[in-house]
Amino acid sequence: MASPNQQYHATFKPHKQFSSNSPFFFKKTSLYTLALVLFLCTFFYLFGVWRHDGGGVSVSKSTATTSTIVSNPCHGPSKTTTAAAKGEKPLDFSAHHKADDLDVTSTPEVKTYPSCNVSFSEYTPCEDAKRSLKFNRHKLIYRERHCPEKHEMLRCRIPAPHGYKSPFKWPASRDFAWYNNVPHKHLTVEKAVQNWIRFLGDRFRFPGGGTMFPDGADAYIDDIGRLINLKDGSIRTAIDTGCGVASWGAYLLSRNILTMSFAPRDTHEAQVQFALERGVPALIGIMASKRLPYPSRAFDMAHCSRCLIPWAEFGGQYLIEVDRVLRPGGYWILSGPPINWKKYWKGWERTKDDLNDEQMKIEAVAKSLCWKKKVEKGDIAIWQKPINHLNCKVNRKITQDLPFCPAQDPEKAWYTNMEICLTRLPEVSDKEDVAGGELPKWPERLNVVPPRISGGTLEGITAETFQKDSSLWNRRVSYYKAVNNQLEQAGRYRNILDMNAYLGGFAAALIDDPLWVMNVVPIQAKVNTLGVIYERGLIGTYQDWCEAMSTYPRTYDLIHADSVFSLYEGRCGMENILLEMDRILRPEGSVIFRDDVDVLVKIKKITDGLNWDGQIVDHEDGPHQREKLLFAIKTYWTAPAERPT
């Protein structure tokens with residue numbers, strides 16, 4: 001039994017034959033300990049040098065299931081290079097940021113997502129033809145957005161058609177699209193006489209024709225330009241209702257007029273998809289019972305060319321909705337029935353009385369909106385909205401026409417019912433004042449403080465906020481281009497989506513590049529800034545990212561997601577949003593995520609399962625910022641070839 005005074009060394013148990021107070025015992029112990037410490041120090045020093053020189057085990061990018069972060073040098077974005085480009089091994093980030101506070105599994109395995117059946121290659125969740133049959137056909141309500149319930153949502157990746165190719169680069173894409181990308185010949189037969197689209201072997205050609213402009217959109221736009229000024233920059237944003245394949249919007253781009261084109265998903269198969277494949281802004285949409293997803297006073301010009309919208313029916317509610325989104329002093333252009341009915345009534349297979357009655361009703365609705373008919377010449381009629389409502393209010397007291405809407409938010413336009421009343425314009429003190437503030441001409445309006453901000457109508461957003469935001473995004477986009485040099489290659493990206501656009505700074509910083517940006521203001525955003533985006537001469541829409549977007553698969557070449565997942569944390573599943581992004585992103589399309597580092601770690605885990613290539617990089621201000629960036633690319637894959645029967 002050991003003595004109570006027996007001493008023990010922490011790493012050495014004394015031998016039986018030596019007492020604890022033996023001088024030899026202490027001397028030998030000290031020598032052993034010193035030798036062991038010296039050996040360990042030398043070993044770990046040499047091991048550390050070996051690892052620093054690249055002797056460690058590397059992790060394959062294609063097989064790694066952990067996130068990585070690349071630290072960029074401190075000398076600024078102009079010289080930014082990734083660690084991979086230098087031949088250095090990227091740092092393993094997952095061991096330090098496990099995002100334990102988020103809803104993330106602790107298992108190292110990456111969940112993979114199978115391919116959907118090829119029958120879903122053009123799936124639009126909220127405009128699904130089968131689901132729509134459950135809804136009311138009155139006012140075409142069944143063609144509005146009707147999104148799947150949570151249990152109906154797909155958990156698979158939408159395949160591209162077999163043989164899918166990257167679209168033609170702009171401006172060639174305006175005139176050509178690959179057949180395999182949108183394999184539908186229906187319109188080439190149905191609209192052959194109207195010169196919409198032609199099939200040429202492995203591609204489609206778009207001659208630029210339309211129902212009311214068989215000689216081409218360019219000539220038609222020239223006719224409009226003889227009636228109103230399309231060249232001085234006073235008209236920048238336009239909306240085309242019932243756009244067909246969007247040739248009107250496509251040819252306005254060369255005149256620096258940016259058009260939001262929309263049409264329903266109906267018997268004219270894939271018309272909006274053709275527009276997007278051409279590199280022209282478009283959304284699936286319809287005028288039925290809900291407001292269009294745009295703010296009030298958004299567009300300088302609205303257009304309908306035989307769009308088959310019953311303008312005079314239902315109390316004129318569709319023309320009333322055009323008035324809501326039309327800017328003070330803006331124009332509404334109508335061609336097709338009933339305009340010039342005396343020439344076309346036989347071809348339209350309608351009676352003279354019927355067509356004359358329709359035109360009189362449209363004229364009456366326009367008058368009740370205080371619009372002035374500017375001109376009717378040939379096949380084109382143009383009305384102009386007043387710049388304010390001073391005279392309109394006086395006339396209301398006399399004629400008791402269409403009443404003004406009661407207190408309402410004219411900006412609210414997400415599943416908001418249309419109303420049969422006149423949307424009030426902001427108050428003015430003089431009949432020459434433009435309600436809501438006069439806009440500079442394009443391109444000056446892009447960088448001038450928008451009236452909604454200078455007028456103090458947006459809480460917490462000032463002129464200084466706007467100017468700082470513009471400078472910030474110029475710097476950020478420069479950094480993006482340094483990290484992803486393809487952003488500097490003209491034509492690499494054409495259709496771009498900004499999922500959380502705020503003041504449109506990202507789009508504004510890209511204005512000199514041959515591309516367009518769909519600026520989305522989420523309905524959950526703290527401040528509704530979409531009106532500001534339109535006042536800058538840009539376009540966009542409202543969206544709830546817990547639901548699918550009203551567009552076809554493979555719409556966008558590049559998606560920008562700034563703080564989207566922090567905004568939606570606790571609202572809906574990250575997986576659902578990323579699957580939707582995968583649906584609307586083209587094969588080999590790119591995504592730039594900007595968010596808190598822990599959020600990006602979780603995103604990276606899901607995008608690995610979607611078979612995207614991605615890498616987390618430092619914030620433009622350096623590695624000490626919690627906000628970081630994830631650059632990702634959707635890999636190329638398609639549905640398999642059909643087996644011969």
Side-chain angles (χ1 to χ4, degrees), residues 61-62 68-73 76-88 90 160 164-174 176-178 181 276-281 473-499 501 505-519 553-562 564 578 581-582 584-595 600 603-604 607-608 610-620 628-638:
K61 181 179 178 183
S62 61
T68 59
I69 182 167
V70 173
S71 179
N72 292 298
S78 62
K79 297 181 181 179
T80 300
T81 55
T82 64
K86 292 181 178 181
E88 298 175 5
Y164 179 92
K165 300 179 183 179
S166 294
F168 289 91
K169 291 184 178 181
W170 184 267
S173 65
R174 187 193 69 178
F176 295 98
W178 296 114
N181 292 11
L276 294 164
E277 199 67 20
R278 298 175 72 184
V280 180
W473 280 106
N474 285 331
R475 185 163 61 89
R476 285 179 168 179
V477 169
S478 294
Y479 182 73
Y480 289 173
K481 290 182 176 181
V483 177
N484 178 3
N485 59 15
Q486 293 189 14
L487 266 171
E488 291 190 307
Q489 298 177 14
R492 171 62 179 90
Y493 303 112
R494 173 63 185 171
N495 303 0
I496 296 183
L497 172 67
D498 191 356
M499 295 176 69
F506 172 73
L510 291 167
I511 200 64
D512 293 328
D513 296 337
L515 51 82
W516 58 270
V517 179
M518 182 67 73
N519 295 280
R554 302 171 296 284
T555 289
Y556 295 104
D557 305 299
L558 173 68
I559 298 177
H560 182 242
D562 176 17
V564 171
L578 288 167
M581 292 172 69
D582 186 79
I584 63 179
L585 185 64
R586 297 189 193 278
E588 298 183 313
S590 300
V591 183
I592 303 173
F593 298 94
R594 173 183 287 272
D595 223 310
L600 291 185
I603 292 172
K604 177 68 165 58
T607 58
D608 285 348
L610 292 170
N611 201 26
W612 294 8
D613 289 331
Q615 197 162 46
I616 299 173
V617 305
D618 281 328
H619 190 276
E620 60 272 7
K628 298 194 183 296
L629 306 171
L630 169 58
F631 286 78
I633 298 173
K634 177 180 176 178
T635 54
Y636 178 88
W637 68 282
T638 70

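For reference, positions follow the sequence shown, starting with 1. In what follows, every heavy atom counts, from backbone to side chain, and hydrogens, waters and symmetry copies are set aside. Since this is a predicted model, take the numbers as computed values, not measurements.
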- Task: Please test D582 against K634 for side chain to side chain contact (heavy atoms under 4.5 Å, CB included), starting from the C-alpha separation and ending with a verdict.
- Result: CA-CA 8 Å; D582 186 79; K634 177 180 176 178; 3.7 Å; yes
- Task: Compare all side-chain heavy atoms of R494 with those of W516 and state whether any distance is below 4.5 angstrom.
- Result: yes
- Message: Any heavy-atom pair between the side chains of Y493 and D513 that's under 4.5 Å?
- Response: no
Do [X] side-chain atoms and [Y] backbone N/O form a donor-acceptor pair below 3.5 Å?
X	Y	answer
T607	W612	no
D557	N495	yes
W637	P587	no

- Query: What class does the angle between the rings of F506 and H560 fall in, given that below 30° is parallel, 30 to 60° is tilted and above 60° is perpendicular?
  - Reply: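 The rings of F506 and H560 lie parallel, inter-plane angle below 30°.
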- Query: Would you call the rings of W178 and F168 parallel, tilted or perpendicular, where under 30° means parallel and over 60° means perpendicular?
  - Reply: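 Parallel.
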- Message: One pair to check against side chain to side chain contact (heavy atoms under 4.5 Å, CB included): Q489 and K481. What are the steps and the verdict?
- Response: CA-CA 9 Å; Q489 298 177 14; K481 290 182 176 181; over 6 Å; no
With rounding to the nearest 0.5 angstrom, report the [atom1] to [atom2] distance, [X] to [Y].
X	Y	atom1	atom2	result
I592	N484	CD1	CG	6.0 Å
I559	R586	CD1	CZ	11.0 Å
L610	I603	CG	CD1	11.5 Å
L487	Y479	CG	OH	13.0 Å
H619	K628	NE2	NZ	9.0 Å
D562	R594	CG	CZ	6.0 Å

- Do E588 and R492 meet the salt-bridge criterion of a basic N to acidic O distance under 4.0 Å? no
Identify the two heavy atoms, one from [X] and one from [Y], that lie closest to each other, and give their separation to 0.1 Å.
X	Y	result
A509	N474	CB-OD1, 3.5 Å
G491	K169	O-CG, 3.7 Å
E277	S173	O-CB, 4.2 Å
L276	V280	CD2-O, 3.7 Å

- Query: Can you name the one residue among I496, L497, T555 that meets side-chain contact (heavy atoms from CB on, under 4.5 Å) with M518?
  - Reply: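 Running side-chain contact (heavy atoms from CB on, under 4.5 Å) over I496, L497, T555 with M518 returns exactly one hit, L497.
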- Message: Working note: R554 + L585, criterion side chain to side chain contact (heavy atoms under 4.5 Å, CB included); need CA distance, chi angles, decisive distance, verdict.
- Response: CA-CA 5 Å; R554 302 171 296 284; L585 185 64; over 6 Å; no
